[in-house]
Amino acid sequence: IVFFFAISFINFFLLNIFIKITLHSGILLEMKIYDVAFLGMGASSLSTLRLHYQNSSLSIVGIDKNYNSNRNNFFAFWLTDWMKEFDEVIKHRWHNWQFNYDDLCISHESKDMPYCVIKFQEWKNYCLENFKDLIIKEQNVIELKRLNGHFEINLEDGEKIYSKKIYDSRTPNEQSDKLKQHFLGHIIRSDEVKYKNFVNLMDFRVSQENGLHFMYILPLQSNELLVESTVFSKAVLNKNWYEEKIKDYIENNLKLKNYELVEEERGILPMYAINNQNSENYINLGSRGGATKISSGYAFSFFLRKLKSSQNEMNQNYHSFWDNWMDKIFVNYLENNIRTEKIFKNMVRSLNGDEFASFMMGTAKLNTKLKIIYSMPKLGFLRSFFQSLSY
């Protein structure tokens, strides 16, 4: 009996030591280690989930404080071969688009590469339709630690999540001294709308005192429009500023007196390179991973192209060397010159619809790129060219 109690006491003592050691190291007994964790559940995470893990038996967790928000922004692109697979989700498409200036209207047409949009909520439903066992944590990530063989993710409510692999699509830190594309858009409904089957990509017939400013108009239905105020500048403006510009444009340019606000979208897109480094089990996605084309703000279709064509997730080359170089020159020119809307006028006048669409989607031929270079203001272009060499 004495021997039995002695053995029991020793086992109990050793068990307590083991519990204290494991708790001290922050590792819970019988903790679950997920195979994959997504930090942020935006378009890039949803796309990765659909295209890389649709038929997977791996355990997956998604972490996003705003997972169930009513966010429903548009993702725009010109239709390319790699985007045709997603035809069922394309909300609208237009074969004609325009650019408006005080003294000129430039029209483009493309039969093969229409301008398209997909709405976020429809993309979300499309990507999640076969993921019944996906675990979602509606929390913010406070800290991320790399442990031996996996990661520890600390959430704002104190919970710790463990995963072997991380996909990180959280919004990168904003750089206040760099150029940004920022916008506010209102979807409005009015019986006074006269539907026109073309997109007004850039309407510069608005004030330019706070940076390069234009309106972006999408005709969605016979009585609905997206009216978006977009600015290229380093400083993001107060929400009231965009709202006033939108109201003024609706009443004075579109001549609508009675309308209602249906939806709203807002965003800030980097016009500078983001070069976060990946490792074998930690992958940066979307804008955080460098998918954004800095001259235009487009990222969605470029991310899908790479996701479909490459199994090497550590390779971050979303855009060609020459496209990146041309974008740096272009952005440098915008940063260091005034009345920069003229650069868009010169460029779009030099191209037809197919050429413009191919340039925007990174598929332009050499002669198209040479046309763009030739259309640039010579002195300003040369200055920006030499400045870009020091980037």
Side-chain angles (χ1 to χ4, degrees), residues 18 21-69 85-86 89 120 123-172 274 276-291 299-300 302-318:
F18 175 74
I21 291 173
T22 54
L23 289 177
H24 179 72
S25 66
I27 302 175
L28 299 175
L29 294 173
E30 299 181 1
M31 68 180 182
K32 178 177 179 61
I33 302 179
Y34 290 93
D35 293 305
V36 180
F38 288 93
L39 310 188
M41 290 296 290
S44 56
S45 286
L46 292 168
S47 303
T48 304
L49 192 65
R50 167 88 185 200
L51 286 140
H52 277 193
Y53 295 100
Q54 186 173 22
N55 298 312
S56 172
S57 60
L58 299 177
S59 57
I60 303 173
V61 59
I63 304 170
D64 192 326
K65 178 74 171 182
N66 300 311
Y67 179 75
N68 282 309
S69 74
E85 174 185 334
F86 311 109
V89 209
F120 175 74
W123 183 250
K124 180 179 178 181
N125 292 335
Y126 170 77
C127 291
L128 294 177
E129 61 186 358
N130 294 316
F131 287 93
K132 297 179 181 178
D133 297 326
L134 176 67
I135 303 299
I136 297 295
K137 302 287 183 178
E138 293 187 68
Q139 296 288 330
N140 284 323
V141 175
I142 301 301
E143 187 179 18
L144 181 64
K145 297 179 182 177
R146 187 187 293 271
L147 304 178
N148 186 23
H150 59 276
F151 295 87
E152 178 185 274
I153 309 162
N154 296 319
L155 306 184
E156 62 181 343
D157 65 350
E159 184 179 3
K160 298 179 187 293
I161 303 294
Y162 300 92
S163 180
K164 298 174 186 175
K165 187 168 189 173
I166 297 286
Y167 288 99
D168 195 344
S169 66
R170 293 173 294 171
T171 302
I274 296 175
N276 290 318
Q277 296 301 307
N278 294 336
S279 63
E280 184 177 359
N281 289 313
Y282 180 85
I283 310 297
N284 290 286
L285 297 180
S287 289
R288 189 183 185 92
F300 180 67
F302 296 113
F303 181 79
L304 286 171
R305 177 175 62 181
K306 179 175 180 296
L307 197 61
K308 290 179 63 178
S309 64
S310 173
Q311 297 302 313
N312 181 9
E313 296 170 318
M314 293 174 65
N315 178 3
Q316 293 179 272
N317 296 322
Y318 289 95

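Side-chain rings of Trp123 and Phe120 stay apart, their centers remaining 6.0 Å or farther from each other.
Contact record, Gly40 with Ser169: O-OG, 3.2 Å, taken as the closest heavy-atom pair. Between Ile274 and Pro172, the shortest heavy-atom contact is CD1-CG, 3.6 Å. Nearest heavy atoms, Leu144 versus Leu39: CD2-CD1, 4.2 Å. Nearest heavy-atom pair, Glu85 versus Tyr126, reported as atom, atom and distance to 0.1 Å: O-OH, 4.5 Å. Nearest heavy-atom pair across Phe151 and Arg146 is CZ-NH1, 3.4 Å. Counting all heavy atoms, side chain and backbone alike, Ala43 lies closest to Ser47 at O-OG, 2.6 Å.
Using a 4.0 Å cut-off between charged nitrogen and carboxylate oxygen, Asp35 and Lys165 do not count as a salt-bridge pair.
A distance-only check finds no donor-acceptor pair linking the side chain of Ser59 to the backbone of Tyr34 [under 3.5 Å]. In this structure, Ser69 contributes its side chain and Asn66 its backbone to a donor-acceptor pair below 3.5 Å.
Between the side chains of Asn278 and Asn284, at least one donor-acceptor pair of N or O atoms lies under 3.5 Å. Checking Asn140 against Lys65 by side-chain atom types alone, no donor-acceptor pair falls below 3.5 Å.
Summarising the geometry, atom CD belonging to Glu152 is positioned 10.0 Å from atom CD1 belonging to Ile161; distances are rounded to the nearest 0.5 Å. The line from CD of Gln54 to CD of Glu129 is 7.0 Å long, rounded to the nearest 0.5 Å. Rounding to the nearest 0.5 angstrom, the gap separating the CG atom in Leu51 from the CG atom in Leu307 is 5.0 Å. Note that the CG atom of Leu128 and the CG atom of Asn130 stand 9.5 Å from one another [nearest 0.5 Å]. Taken from CD1 in Ile135 to CD1 in Ile60, the straight-line distance is 10.5 Å, to the nearest 0.5 Å. Atom NE2 of His150 sits about 4.5 Å away from atom CD1 of Ile33, to the nearest 0.5 Å.
Proximity of Ile136 to Asp64: side-chain heavy atoms (C-beta onward) are nowhere separated by under 4.5 Å. Between Asp168 and Asn276, the closest side-chain pair of non-hydrogen atoms is not below 4.5 Å. Leu285 has its side chain within reach of Thr48: a pair of non-hydrogen atoms, C-beta onward, lies under 4.5 Å apart. With contacts defined as side-chain heavy-atom distances shorter than 4.5 Å, the pair Arg170/Arg288 qualifies.
Geometric assessment of Lys137 against the ring of Tyr67 yields a negative cation-pi assignment under the 6.0 Å and 45° thresholds. Taking the ring centre of Phe303 as origin, the terminal cationic atom of Lys306 falls outside the region bounded by 6.0 Å and 45° from the ring axis. Under the 6.0 Å distance and 45° angle rule, Arg305 does not count as a cation-pi partner of Tyr318.
Surrounding CG of Asp157 are more than 12 heavy atoms belonging to other residues, nucleotides or ligands, all under 6.0 Å away.
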Does the pair Lys160 and Ile153 meet the rule for a side-chain contact (heavy atoms from CB on, under 4.5 Å), with working shown?
-> CA-CA 6 Å; Lys160 298 179 187 293; Ile153 309 162; over 6 Å; no

Audit row: Ile63, Leu155, side-chain contact (heavy atoms from CB on, under 4.5 Å) steps and yes/no | CA-CA 9 Å; Ile63 304 170; Leu155 306 184; 3.8 Å; yes

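The aromatic rings of Tyr53 and Phe38 stand perpendicular to each other, their planes meeting at an angle above 60°, with 30° marking the opposite boundary.
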